[in-house]
Amino acid sequence: MKQTEGVQWKRLLYGMGLTLLGTLLLAFGTAVFILPFDLIVGGVSGMAIVIDALITAEVLTVDRILMVLTWSLFLLGFFVLGRSFAIKTLLSTLAYPPLVALFHRLASPDVAGGLFYLRESTYPELALILSATMGGAAIGAGCAVTFLGGGSTGGTDVLAFTLCRLFPRLKSARAIFVIDAAVILLGVFAIGDLLRSMLGIFSAMVTAVVIEKLFLGGSAGLVAEIVTKEAEAITQGVIAHLGRTTTLFEAIGGYSGQPCRMVSVSFSMRQYAHLMQIVREADPTAFVTVHRAHAINGEGWGKARE
């Protein structure tokens with residue numbers, strides 16, 4: 001029993017460490033590369049930049065707006081999506097705003113000899129392009145590391161999942177796309193700089209590519225094979241909370257010779273931590289194997305090619 005508890009604590013600390021590291025990378029990329037150039041990349045940072053552009057008040061700095069948005073979305077997730085979702089995003093929610101504020105101060109001419117102050121660079125055009133690229137890469141790496149740690153960055157994902165609750169037929173990926181697209185479109189009019197807005201879109205694309213490469217190794221999704229005696233409970237949890245479905249196989253344990261069932265489910269990287277939670281709650285002794293899928297076609301994943 002003590003050995004099992006020790007393993008669980010190690011897993012918890014390992015996951016928390018990755019979540020903190022991912023949040024640090026996310027905050028650094030946002031504060032040093034994205035916010036100084038007002039790059040609208042979607043998400044909470046994009047919303048903060050748009051609000052700052054629309055409401056000109058000295059007390060409303062971008063990092064303060066970002067903090068208010070982060071905590072507001074966390075509370076929305078707690079009341080709408082439940083305690084389990086809130087716990088998964090709590091660590092990132094606690095760390096992200098102060099880290100952004102810290103790194104935002106770092107990106108000033110009076111700190112470290114202006115090393116991270118890129119806005120007034122000798123090569124402003126090059127600095128803008130490189131900031132869009134490096135910012136997108138840092139944010140993507142931060143999100144991927146956080147997902148690998150079993151955490152979640154929260155943010156506008158909360159709005160997406162809330163919309164999915166209100167409109168059950170709406171898929172979370174589409175909801176996230178719609179929200180980010182709306183933020184970027186608002187940014188075009190709020191900032192009034194089409195070129196800067198296009199660089200924001202490019203930065204968001206870099207983020208997506210980096211997440212895919214780091215978390216999925218370039219594959220389209222993940223497949224979990226779960227050997228369990230609670231196949232029905234896991235299936236119901238997957239259907240109710242992930243909007244996915246499963247395939248069930250009858251199996252026999254090679255060592256025990258006892259009958260059991262294997263649950264196969266395809267899911268996206270954003271759903272990884274949620275699926276693991278569903279499995280742990282239904283059957284803590286389940287044997288889970290997760291591997292990458294080169295491609296997934298069918299309902300919920302796009303149409304199969306002829």
Side-chain angles (χ1 to χ4, degrees), residues 21-67 69-70 92 95-146 153 155-156 180-214:
L21 176 60
T23 304
L24 187 146
L25 290 170
L26 176 62
F28 181 82
T30 300
V32 174
F33 298 115
I34 300 301
L35 296 184
F37 290 97
D38 291 332
L39 295 173
I40 310 294
V41 297
V44 174
S45 63
M47 293 174 65
I49 292 172
V50 170
I51 293 173
D52 182 59
L54 295 176
I55 304 175
T56 56
E58 292 185 6
V59 70
L60 289 178
T61 59
V62 177
D63 53 332
R64 290 176 182 173
I65 296 171
L66 190 143
M67 179 179 66
L69 287 173
T70 300
S92 184
Y96 183 61
L99 284 173
V100 169
L102 174 65
F103 290 134
H104 196 51
R105 301 296 182 270
L106 182 66
S108 66
D110 303 324
V111 179
L115 179 63
F116 297 98
Y117 186 59
L118 305 176
R119 189 175 178 86
E120 299 298 331
S121 170
T122 309
Y123 310 98
E125 293 83 4
L126 182 61
L128 178 59
I129 295 172
L130 289 178
S131 290
T133 306
M134 297 303 297
I139 291 172
C143 290
V145 171
T146 302
T153 56
T156 51
D180 285 342
V183 171
I184 292 173
L185 185 61
L186 283 173
V188 174
F189 297 99
I191 303 301
D193 189 333
L194 182 59
L195 179 60
R196 200 178 299 269
S197 299
M198 291 172 65
L199 279 173
I201 296 172
F202 168 74
S203 184
M205 292 171 63
V206 172
T207 295
V209 170
V210 171
I211 291 175
E212 181 179 328
K213 295 297 182 182
L214 288 181

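Atom CE in Met67 sits 8.0 Å away from atom OG1 in Thr61 (nearest 0.5 Å). For the atom pair CD1 (Ile191) and CZ (Phe37), the distance works out to 13.5 Å, reported to the nearest 0.5 Å. How far OG1 of Thr30 is from CG of Leu99: 10.5 Å, rounded to the nearest 0.5 Å. His104 NE2 to Phe28 CZ: the interatomic distance, rounded to the nearest 0.5 Å, is 13.5 Å. Taken from CG in Leu21 to OG1 in Thr146, the straight-line distance is 8.0 Å, to the nearest 0.5 Å. Atom CG in Leu118 sits 4.5 Å away from atom OG in Ser131 (nearest 0.5 Å).
Between the side chain of Ser203 and the main chain of Leu199, no donor-acceptor pair closer than 3.5 Å is present.
Looking at residues two or more places apart in sequence or on another chain, you find a side chain to side chain contact (heavy atoms under 4.5 Å, CB included) between Thr70 and Val44, Leu66, Thr93, Tyr96, Pro97. When the salt bridge (Lys or Arg N to Asp or Glu O under 4.0 Å) test is applied to Arg105, the partners found at least two apart in sequence or on another chain are Asp63. Residues satisfying the side chain to side chain donor-acceptor pair (under 3.5 Å) criterion with Thr23, sequence neighbours excluded, are Ser92.
Using a 4.5 Å cut-off on side-chain heavy atoms (C-beta onward), Val32 and Pro36 make no contact. No side-chain heavy atom of Leu39 sits less than 4.5 Å from a side-chain heavy atom of Phe33. With a 4.5 Å cut-off on side-chain heavy atoms, Val41 and Ile49 do not count as touching.
Sorted by first and then second residue, the salt bridge (Lys or Arg N to Asp or Glu O under 4.0 Å) pairs with a member in residues 190-210 read Asp193-Arg196; sequence neighbours excluded. Sorted by first and then second residue, the salt bridge (Lys or Arg N to Asp or Glu O under 4.0 Å) pairs involving residues 32-50 (not counting sequence neighbours) form an empty list. Applying the salt bridge (Lys or Arg N to Asp or Glu O under 4.0 Å) test to every pair with at least one member in residues 124-141, sequence neighbours left out, gives no pairs at all.
Contact record, Leu26 with Ile139: CD1-CG2, 3.4 Å, taken as the closest heavy-atom pair. Scanning all heavy atoms of the two residues, the minimum distance from Ala31 to Ala107 falls at O-CB, 4.2 Å. Taking all atoms of both residues into account, the shortest heavy-atom contact from Val210 to Ala141 is CG1-N, 3.5 Å. Residues Leu25 and Gly142 share a closest heavy-atom pair of CB-CA, 3.8 Å. Across every non-hydrogen atom of Ala138 and Gly29, the tightest pair is CB-CA, 3.7 Å. Looking at every heavy atom in both residues, Phe202 comes nearest to Ala132 through CD2-CB, 4.3 Å.
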Full working for side chain to side chain contact (heavy atoms under 4.5 Å, CB included) between Leu35 and Ser45: CA-CA 7 Å; Leu35 296 184; Ser45 63; 4.3 Å; yes
